[in-house]
Amino acid sequence: MAVAISGALAETGLLFASTYVAIQVGRTLFFVLTLRGHDLRRVNMLALVWFGASAVPWLAGAMAPELTRNLLWLLALAIDYLGGVLGWPVPGLGRARVSPWAVAGEHLAERYWLFVIVALGETILTTGSTLLHGPIVAERIMALVLSFVTTVLLWRIYFYRAGQILGEAIAASADPGRLGRSAELSHLLMVAGIVATSAGSELVLNDPSGHAKPAWVGAILGGPALYLAGRAVFEHVAFARVSRPRPIGIVVLAAVAPVMVGLPPLGVAAAAAAVLLGVAVSDMIRAHGRPLEQASPPR
């Protein structure tokens with residue numbers, strides 16, 4: 001699947017989809033066959049029905065024209081994620097309850113940390129590669145520096161405080177399975193924000209002094225806004241609250257977006273970095289002299 005993913009929307013679509021289906025169905029079927037007498041066998045039986053259902057649009061989409069393929073794959077993704085959120089309900093068999101699942105808090109937290117670090121690292125690789133595909137001039141170097149600074153700020157905003165105690169929060173929760181799934185959804189939002197930010201940085205590097213189109217402004221400012229939204233959800237999961245800098249940063253990014261249309265993309269990127277810097281500095285000021293916050297009480 002890793003080999004095929006780069007061309008999944010083109011020539012290696014069938015290889016990607018068939019491998020993905022083999023992983024999901026094969027892994028779940030393995031547990032159904034081997035977990036006899038275990039409570040988790042029923043969970044995997046329910047999941048197997050849903051993965052079998054999503055296999056149809058995955059494989060059909062791989063052999064369909066581009067527009068049809070994209071729609072079928074969106075349907076397949078919806079089935080996969082919705083099944084997990086709902087507990088894979090099956091008529092006559094009921095649904096799985098997430099709360100009894102055993103979750104190793106520190107292990108899960110480390111998985112999420114690596115998820116974010118890999119996404120941030122890919123951003124650095126993408127912008128560096130983009131720089132080398134054109135003339136290395138002062139404006140493009142400035143764009144690269146802004147992209148790197150933005151990446152560092154995203155890292156700082158994620159790991160500071162809430163990112164440090166996610167494992168403790170999961171371990172302390174009365175419903176670790178549900179808390180772990182909530183953390184998963186918030187990380188998906190953050191990684192989507194990182195990907196959008198990376199796309200915006202690539203646009204800036206390609207034309208730092210041109211005129212930013214509305215879609216460009218949407219990527220350059222919308223990526224950090226989506227990231228802050230995911231970070232706010234994550235903070236609510238870990239602390240059962242949301243600090244004001246997150247929503248304030250989102251509002252500021254949305255407010256300045258209309259003004260940025262037509263300005264040099266380099267200036268738009270600088271505005272996004274300035275907002276993220278404000279959030280990071282606000283975090284530091286609020287926490288100065290205070291001990292690391294504790295995880296939210298068991299829920």
Side-chain angles (χ1 to χ4, degrees), residues 113 115-163 187 189-232 234 243-286:
W113 298 340
F115 194 35
V116 173
I117 287 175
V118 168
L120 292 172
E122 287 295 327
T123 297
I124 295 174
L125 289 175
T126 299
T127 52
S129 175
T130 302
L131 177 70
L132 296 179
H133 290 159
I136 302 179
V137 295
E139 288 180 333
R140 299 187 78 232
I141 293 175
M142 280 295 299
L144 180 68
V145 171
L146 269 177
S147 175
F148 181 75
V149 169
T150 298
T151 302
V152 172
L153 289 170
L154 293 177
W155 167 83
R156 167 72 177 183
I157 291 169
Y158 171 76
F159 277 98
Y160 189 63
R161 306 184 82 78
H187 281 75
L189 284 175
M190 283 188 282
V191 170
I194 293 172
V195 171
T197 301
S198 176
S201 297
E202 189 172 355
L203 292 171
V204 176
L205 275 162
N206 285 330
D207 190 8
S209 59
H211 301 283
K213 302 174 183 177
W216 292 22
V217 174
I220 299 170
L221 299 182
L226 182 59
Y227 181 87
L228 290 177
R231 181 59 176 79
F234 177 47
S243 58
R244 285 178 292 180
R246 321 280 183 245
I248 290 175
I250 295 172
V251 170
V252 172
L253 287 168
V256 302
V259 182
M260 294 290 168
V261 176
L263 296 181
L266 192 60
V268 182
V275 173
L276 292 175
L277 178 62
V279 173
V281 171
S282 177
D283 285 345
M284 183 180 63
I285 293 174
R286 289 176 58 254

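FYI, side chains are in, hydrogens and waters are out, and symmetry mates aren't considered; it's all heavy atoms of this structure. All figures in this text were calculated on a predicted structure; none of them were measured in a lab.
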| message | Looking at every non-hydrogen atom in both residues, tell me the closest pair between R231 and M190 and how far apart they are. | response | N-CG, 3.6 Å
| task | Identify the two heavy atoms, one from A272 and one from L221, that lie closest to each other, and give their separation to 0.1 Å. | result | CB-CD2, 3.7 Å
| request: Show the numbers, then the answer: is there a side-chain contact (heavy atoms from CB on, under 4.5 Å) between L228 and L276? | output: CA-CA 9 Å; L228 290 177; L276 292 175; 4.2 Å; yes
| query | Ring centroid separation for Y158 and Y227, is it under 6.0 angstrom? | reply | no
| remark: Value for CD1 (I248) from CG (L253), rounded to nearest 0.5 Å, stands at 12.0 Å
| request: Mark yes or no for whether R140, through its side chain, and L131, through its backbone, hold a donor-acceptor pair below 3.5 Å. | output: yes
| query | Can you check side-chain contact (heavy atoms from CB on, under 4.5 Å) on L205 and T127, steps first, answer last? | reply | CA-CA 7 Å; L205 275 162; T127 52; 3.7 Å; yes
| remark: Heavy-atom closest pair (A212 atom, V217 atom, distance to 0.1 Å) is CB-CG2, 3.8 Å
| field | From CG (L153) to CG (L120), nearest 0.5 Å | value | 11.0 Å
| query | What heavy-atom pair brings L146 and A273 nearest, and what distance separates the two atoms? | reply | CD2-CB, 4.0 Å
| Shortest non-hydrogen contact from D283 to R246? | OD2-NH1, 2.9 Å
| query | Can you tell me if T126 uses its side chain to pair, donor with acceptor, with the backbone of E122 under 3.5 Å? | reply | yes
| query | Minimum heavy-atom separation for T123 to S198, with atom names? | reply | OG1-CB, 3.6 Å
| Evaluation steps, side-chain contact (heavy atoms from CB on, under 4.5 Å), between F148 and V152 | CA-CA 6 Å; F148 181 75; V152 172; 3.7 Å; yes
| For A143, does its backbone N or O pair with a side-chain atom of S147 as donor and acceptor, under 3.5 Å? | no
| said: Could you walk me through whether I220 and V204 satisfy the side-chain contact (heavy atoms from CB on, under 4.5 Å) test, starting with their C-alpha distance in whole Å, then the side-chain angles of each, then the deciding distance to 0.1 Å, before giving a yes or no? | reply: CA-CA 8 Å; I220 299 170; V204 176; 3.5 Å; yes
| field | Sidechain-backbone polar pair: R156 side chain, L277 backbone, donor-acceptor under 3.5 Å | value | no
| field | Separation of W216 CH2 from L203 CG (nearest 0.5 Å) | value | 5.5 Å
